[in-house]
Trainee: 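Questions regarding the structure given below will be posed in turn.
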Amino acid sequence: MELVFRDADVVDGSGGPSYRADVAVDGGRIAAIVKEGAAAGCQRPSARRVVDAEGLVLSPGFVDMHAHSDLALLRDPDHSAKAAQGVTLEVLGQDGLSYAPVDDRTLAEVRRAITGWNGDGSDLDLDWRTVGAYLDRLDHAHGGRGIAVNAAYLIPQGTVRMYAMGWENRPATDSELNRMRQLVAEGLEQGAVGMSSGLTYTPGMYAPDSELTELCRVVARYGGYYCPHHRSYGAGALQAYEEMVALTREAGCALHLAHATMNFGVNEGRAPELLALLDEALAGGADISLDTYPYTPGSTTLLAVLPSWASEGGPEAVLTRLGDAETAERIRHHLEEVGSDGCHGVPVDWNTIEVAGVTDPRLTELVGRRLDGWTTARRLLLDDRLGTTILQHVGHEENVRTIMRHRVHTGGSDGILQGLKPHPRAYGTFPHYLGRYVRELGVLSLEECVAHLTSRPAARLRLPDRGLIREGYAADLVLFDPETVAAGATYASPRTLPRGIPHVLIAGAFVMEDGHRTDALAGRAIRRTPAR
């Protein structure tokens, strides 16, 4: 054998009790598992390299069900933000906005729209136009060597709508809807695992339920799933969840609820109502899962909080409206007095909004500050050309803990890697689950938590050989110390790497070794498994 982990405490991802074993790896696969006390005559595996795993936990690699590394994986071969956490697979194309499928016009517009998430891409050759070509680019990144971790892709519904009909706030015509159906089908045929939406982001939020239902019918036909950032996480949050459950049930499509939180003051303590809604749907046969990050603040772009009408026509139209005093006053009125749909129907409390990153270096002094009102926010949007990212301090710890206990819960960082002061979830989500919510608080047992981070997301992604420690499965593995594992990232130092995770393997290759990033680029695009 190439490698053996000797005397590991195996937490195999199933949720069942841990056991002590030797685990052998060969040819990128788990080749043998020999449990302590195995029957006489069953020899312990030998290998060219033996790692002493005494006192350490060996688990499957963690799956980040909600990642914004769409360009980061191409930009940064190191990508320790995720590799050091034990993440071996990220799901990209989130919140309805990403870089495929596109034409030249759409690519230029989407680059502007999500500069705050991924940078503007000017440092990269964005030469693909289809989903398949983007996945191929991941496979052959960095001189053909690949990427730091594996990646799956969701077709972004907002980008598809932008491609088919621009930024117009109206129902699609029959021909436009047919074009969107075609784009979604092509993306799924080329390997996407499903479709995402950002229903508080333009232009995806302009789609009525009937349009979304038709696209979800296409997703269902290919065995994919729908992953909506739904229409509200504040006022009307429960109704927004109900809308997504009803819509996907009508379409016969699996549903995965993105960053399924209950935020703002109107939802404090209301997580049990959400879970009751989901339990009723699950009992009725619905196929539902969800992801969350183990923190209370959210993170997005400052542009995202504006009312949807202010974004019609695209980024340049937004800047024109912000520059007009009368229109800017209308925007302020919706934000501060009505409650804009971009801010989840809740009147904005500027003190909850902290600047996380800017694209114009002349504005760096604002990073880390709370906004003091609309005048500052407007000036920042104009001066930074809509590229500002923010933290929104609007969550509730009780809701976070309640939702993460649910049986269909998975982990997703929603990590934005841009900006001087990003949300610590980008660098800390998975060790924070293990250190804070398992060891310190006991919200989840270790076995439960690992299942949430491994086999459950692998099942949603329909991956036949990942998410569990089983013979023949891909050797995507994490070895960590359950007594010391913890997030290093904090709000003050958000790019600090975690502690207590010495080894991470992808396809049997060490991407983290003795706590340090190797030069391995073992990640590849993970394409949709055809429906059976």
Side-chain angles (χ1 to χ4, degrees), residues 3-23 25 30 33-37 50-64 80 82-89 292-295 400-401 404-405 409-413 424-425 427-458 466-470 473 475-490 496-506 510-517:
L3 171 69
V4 167
F5 290 101
R6 186 78 77 204
D7 295 321
D9 292 326
V10 177
V11 178
D12 66 6
S14 68
S18 64
Y19 55 86
R20 188 177 172 93
D22 295 344
V23 177
V25 172
I30 298 170
I33 303 169
V34 179
K35 295 183 180 181
E36 184 179 56
V50 176
V51 173
D52 180 5
E54 179 76 35
L56 302 178
V57 167
L58 186 68
S59 82
F62 305 138
V63 179
D64 188 341
S80 289
K82 296 300 178 67
Q85 293 186 61
V87 171
T88 58
L89 171 60
T292 69
Y293 46 83
Y295 299 88
V400 169
R401 297 188 194 187
M404 75 169 62
R405 294 188 184 102
H409 170 267
T410 68
S413 70
R425 68 193 186 191
Y427 284 73
T429 286
F430 295 87
H432 199 50
Y433 268 119
L434 296 168
R436 178 66 173 161
Y437 289 93
V438 172
R439 184 180 64 247
E440 296 178 7
L441 299 176
V443 174
L444 295 168
S445 72
L446 180 59
E447 291 83 357
E448 288 174 324
C449 187
V450 168
H452 289 219
L453 307 182
T454 60
S455 64
R456 289 186 187 175
R466 284 179 168 83
L468 293 166
I469 294 182
R470 296 283 190 273
Y473 274 49
D476 295 354
L477 299 167
V478 182
L479 191 71
F480 64 90
D481 185 342
E483 299 302 319
T484 63
V485 63
T490 64
T496 306
L497 298 181
R499 303 184 296 275
I501 306 179
H503 298 305
V504 181
L505 284 77
I506 295 177
F510 283 89
V511 296
M512 297 293 298
E513 188 171 12
D514 296 322
H516 299 285
R517 179 73 171 93

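Everything numeric here is computed off the predicted structure, so don't read it as measured data. Along the sequence shown, residues carry numbers from 1.
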Trainee: Quick one: does any side-chain atom of His503 pair with a main-chain N or O of Asp514 as donor and acceptor, under 3.5 Å?
Mentor: yes
Trainee: Do Val485 and Pro431 come close enough that some side-chain heavy atom pair is under 4.5 Å?
Mentor: yes
Trainee: If you count every heavy atom of other residues, nucleotides or ligands that lies below 6.0 Å from Arg401 atom CZ, does the total exceed 12?
Mentor: yes
Trainee: Shortest non-hydrogen contact from Tyr433 to Pro294?
Mentor: CE1-CD, 3.5 Å
Trainee: Does any part of the side chain of Val63, heavy atoms only, come nearer than 4.5 Å to the side chain of Thr454, both counted from C-beta?
Mentor: no
Trainee: Is the shortest side-chain heavy-atom distance between Tyr437 and Met404 below 4.5 Å?
Mentor: yes
Trainee: How many angstroms lie between atom CD1 of Ile33 and atom CZ of Phe5, to the nearest 0.5 angstrom?
Mentor: 12.5 Å
Trainee: Verify whether one side chain among His452 and Arg456 offers a donor that lies under 3.5 Å from an acceptor in the other.
Mentor: yes
Trainee: Can you find a heavy atom in the side chain of Val23 that is under 4.5 Å from one in the side chain of Val4?
Mentor: no
Trainee: Looking at Tyr295, does the NZ or CZ of Arg425 lie under 6.0 angstrom from its six-membered ring centre and within 45 degrees of the ring axis?
Mentor: no
Trainee: Under the side chain to side chain donor-acceptor pair (under 3.5 Å) rule, what pairs show up with a residue in residues 50-63, not counting sequence neighbours?
Mentor: Arg20-Glu54
Trainee: Is Asp7 close to Asp22 at the side-chain level, that is, under 4.5 Å between some pair of heavy atoms?
Mentor: yes
Trainee: Within the side chain of Ser80, is there an N or O that forms a donor-acceptor pair under 3.5 Å with the backbone of Ala83?
Mentor: no
Trainee: Test your reading of the model: is there a side-chain donor-acceptor pair from Arg466 to the backbone of Pro60, 3.5 Å cut-off?
Mentor: no
Trainee: Rounded to the nearest 0.5 Å, what separates atom OH in Tyr427 from atom CG in Leu497?
Mentor: 7.5 Å
Trainee: Using a 4.5 Å cut-off on heavy atoms from C-beta on, say whether the side chain of Leu434 contacts that of Phe62.
Mentor: yes
Trainee: Quick one: does Ser18's side chain have a donor or acceptor within less than 3.5 Å of a partner on Val11's backbone?
Mentor: no
Trainee: Backbone N or O of Pro482 within a donor-acceptor pair of the Arg439 side chain at under 3.5 Å?
Mentor: yes
